[in-house]
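Contents: one structure, followed by commentary.
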Amino acid sequence: MGRIQGILRCREVLYASLLLITVLLLWEVSSTTVRSSFFPGPREVLRSLSTLLTKGDVEGIRLHEHALHSLLRVLGGFALACVTAIPLGILMGLREGVYRSSKPVLEPLRFIPPLAWIPLVIILLSGYWRYLFVIWLGAFFPILINTMSGIKRTSPTLVEVSKSFGAKNRTTVKKVVIPSALPEITSGMRVGLGVGWMCIVAAEMIGGERVGLGRLILKYSELLRVDMILAGMIAIGIVGLLMNEILLRTERRLFVWRKEISL
Amino acid sequence: MPAKLKVKAENLHKSFTTGEGRLEVLKGVSFGVKEGEFVSVVGPSGCGKTTLLKLVGGLEKPSRGRVTIDGRPPDPSRHRLGFVFQEDSLFPWRTVWENVGFGREVRGMEGEERVGELVGMVGLRGFEHCYPHQLSGGMRQRVAIARALAVEPDLLLMDEPFANLDAQTRWILHQDLTRIWEEVKKTILFVTHNVEEAVYLSDRVIVLTSRPARVKKVLRVKLPRPRDKLSGELVRLRREVVDLLREEVPYL
């Protein structure tokens with residue numbers, strides 16, 4: 001069993017690297033044929049990436065500083081989203097009435113993209129609150145919806161078991177409903193963090209400070225430096241991927257009791 | 001002196017409002033269960049056996065009539081009840097040990113040793129730290145039984161606890177349940193649609209009619225334990241119960 005899985009895993013790694021190499025090769029070939037400074041090849045982008053890492057951007061701010069600032073902003077907005085969305089999701093999952101009566105307000109809001117909020121945010125908020133609000137917007141709904149559906153999906157039998165032992169409602173919620181919803185809550189958090197991270201460029205467009213990955217690519221857009229923009233985009237992608245991976249692994253470790261595998 | 005009545009059901013009615021109108025499930029069910037007695041309830045499927053058990057356990061309220069445990073209306077927070085459900089009812093995020101201890105935790109009962117004893121009693125020593133998904137169906141039902149026993153109930157309510165098990169496992173659990181019952185001397189109300197099981201395990205068998213359910217007949221099983229499932233008397237009783245059920249469900 002272990003050996004077959006090992007072989008499959010090897011094969012996976014092989015295919016994945018083959019695909020990556022093919023993409024890079026196609027990119028390289030097409031960029032050398034086009035020969036334009038607006039279409040840099042992978043080697044150039046890599047060079048720009050290392051310049052950003054070692055020497056920094058036009059203002060001397062290095063890549064990891066940009067990443068760190070973006071990360072802190074996203075984590076701030078994400079924390080705010082958790083603190084607001086999880087309790088509200090639990091409440092809405094437990095009380096059908098709360099969900100129904102908040103539906104006309106919440107549901108349309110859910111479909112307004114964070115980007116559409118930007119003009120309003122520029123007028124109403126300033127400083128750090130701008131970042132916080134835009135990222136909170138992105139992270140809030142995935143966490144809310146997952147928490148609510150996790151709570152609602154609690155098996156009625158398990159609730160009955162708890163009641164049959166004479167548990168009060170509060171005890172049942174604490175010992176049965178929330179633990180049973182925990183995997184969905186955390187996967188909502190993971191999705192929320194991802195969406196929050198994807199809002200970073202929008203947030204930094206209006207955030208004002210000169211540091212941050214989103215700011216970095218905006219800066220180089222003004223300078224028409226496609227290689228630097230691509231390097232910044234790749235950095236955004238990699239940091240997002242790493243965060244997701246870390247959370248996914250934590251989830252797997254936390255919920256060993258689950259038969260289902262989360263993606 | 002006759003033994004004290006543990007459970008008394010008087011003229012129980014229960015109906016539910018469904019999409020298609022009112023569904024009458026129980027129509028005047030009366031019976032009693034004596035202290036320490038093992039009583040089974042059999043009836044055609046869908047006749048309201050589970051509803052009856054939930055009324056006795058205080059998980060549902062009757063539309064009419066009344067049920068009492070030790071003379072008072074059932075209340076899970078006052079009475080010590082052990083419920084065993086038909087479907088998978090273990091908490092998947094709790095280990096065997098933590099599942100068995102659940103009721104004690106809720107009721108604030110001390111004494112971890114008792115949990116260990118019960119795990120041993122249902123034959124699961126060594127599996128304390130396993131999660132439900134790592135156990136077989138039979139083992140999971142043993143855990144559910146241990147969990148019900150852990151609150152030291154004086155009334156066990158069992159809702160087709162072996163319905164989803166294969167014949168062999170069910171057979172083993174029948175013997176185990178008989179042994180446990182003799183050991184702990186609890187009153188048991190056992191709901192099943194399996195006639196063989198009902199007759200083999202019980203002191204008395206209550207046969208219900210099809211929905212809306214009433215008590216059709218009560219049979220006494222005056223046989224010493226351990227019993228032989230294939231003894232003449234037991235087979236005769238089984239036939240009698242099956243004949244009664246046939247009157248309710250002609251195509252049985």
Side-chain angles (χ1 to χ4, degrees), chain A residues 1-2 5 86 89-90 93-94 96 146-147 149-190 247-263, chain B residues 50-51 53-60 69 74-96 98-109 129-135 140 143-145 147-153 155-159 164:
Chain A
M1 188 70 187
Q5 271 178 343
I86 295 173
I90 291 175
L94 290 173
E96 185 75 29
N146 271 271
T147 303
S149 81
I151 296 284
K152 278 191 170 175
R153 219 170 285 172
T154 311
S155 141
T157 308
L158 297 187
V159 172
E160 231 164 28
V161 170
S162 177
K163 283 189 182 155
S164 79
F165 285 119
K168 292 191 193 71
N169 281 340
R170 245 184 57 207
T171 315
T172 303
V173 169
K174 203 177 90 191
K175 285 190 184 287
V176 179
V177 179
I178 293 177
S180 117
L182 220 47
E184 275 192 76
I185 297 176
T186 48
S187 82
M189 284 167 69
R190 181 164 49 80
L247 284 185
L248 206 56
R249 267 156 217 247
T250 324
E251 267 176 58
R252 282 197 195 131
R253 189 155 311 170
L254 236 46
F255 305 121
V256 282
W257 53 269
R258 269 197 121 191
K259 276 175 287 183
E260 304 91 342
I261 294 161
S262 45
L263 286 169
Chain B
T50 299
T51 306
L53 206 64
K54 283 184 180 170
L55 291 181
V56 174
L59 293 177
E60 303 251 11
I69 302 173
D75 175 1
S77 61
R78 175 139 35 82
H79 292 109
R80 282 166 182 253
L81 303 177
F83 235 107
V84 183
F85 292 82
Q86 174 180 2
E87 58 276 15
D88 250 338
S89 67
L90 297 185
F91 302 110
W93 58 89
R94 287 176 165 247
T95 61
V96 166
E98 292 164 345
N99 261 291
V100 173
F102 179 83
R104 295 180 75 87
E105 224 175 281
V106 166
R107 292 183 154 255
M109 293 161 81
H129 303 299
C130 288
Y131 286 96
H133 79 267
Q134 297 167 303
L135 306 176
R140 285 204 287 268
V143 178
I145 293 170
R147 181 176 63 186
L149 288 171
V151 292
E152 316 296 347
L155 176 62
L156 263 183
L157 300 168
M158 308 180 90
D159 183 13
N164 300 325

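Below, read A as the first sequence line, B as the second, and so on, with proteins coming before strands; counting in each chain starts at 1.
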Between [options], who has the most heavy-atom pairs with chain A when the cutoff is under 4.5 Å?
options: B:Glu105, B:Arg80, B:Arg78, B:Gln134; value: B:Glu105
options: B:Ala148, B:Pro92, B:Gly82; value: B:Pro92
options: B:Trp93, B:Phe91, B:Phe102, B:Phe85; value: B:Trp93

Which portion of A:Ser164 sits near chain B, non-hydrogen atoms under 4.5 angstrom
both

Decide if atom NZ of A:Lys175 counts as having more than 12 heavy atoms of other residues, nucleotides or ligands within a radius under 6.0 Å.
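Yes, NZ of A:Lys175 has more than 12 neighbouring heavy atoms, counting only those of other groups under 6.0 Å.
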
Would you check if there is a donor-acceptor pair between the side chains of A:Glu184 and A:Ser149 at a distance under 3.5 Å?
yes

If you count heavy-atom pairs under 4.5 Å between each of A:Leu182, A:Leu158, A:Thr172 and chain B, which one has the most?
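Most heavy-atom pairs under 4.5 Å with chain B: A:Leu158.
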
Heavy-atom closest pair, residues A:Pro179 and A:Val173
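Here A:Pro179 and A:Val173 meet closest at CD-O, 4.0 Å.
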
So which heavy atom on A:Ala167 is nearest to which on A:Thr171, and how close?
CB-CB, 4.2 Å

Side chain, backbone, both or neither: which part of [X] has an atom under 4.5 Å from a heavy atom of chain A?
X: B:Leu59; value: side chain
X: B:Leu90; value: backbone
X: B:Asp75; value: neither

Distance-only, no hydrogens or angles: does the B:Arg147 side chain make a donor-acceptor pair with backbone N or O of B:Gly103 under 3.5 Å?
no

If the condition is salt bridge (Lys or Arg N to Asp or Glu O under 4.0 Å), which residues does B:Lys54 pass it with, not counting sequence neighbours?
A:Glu160

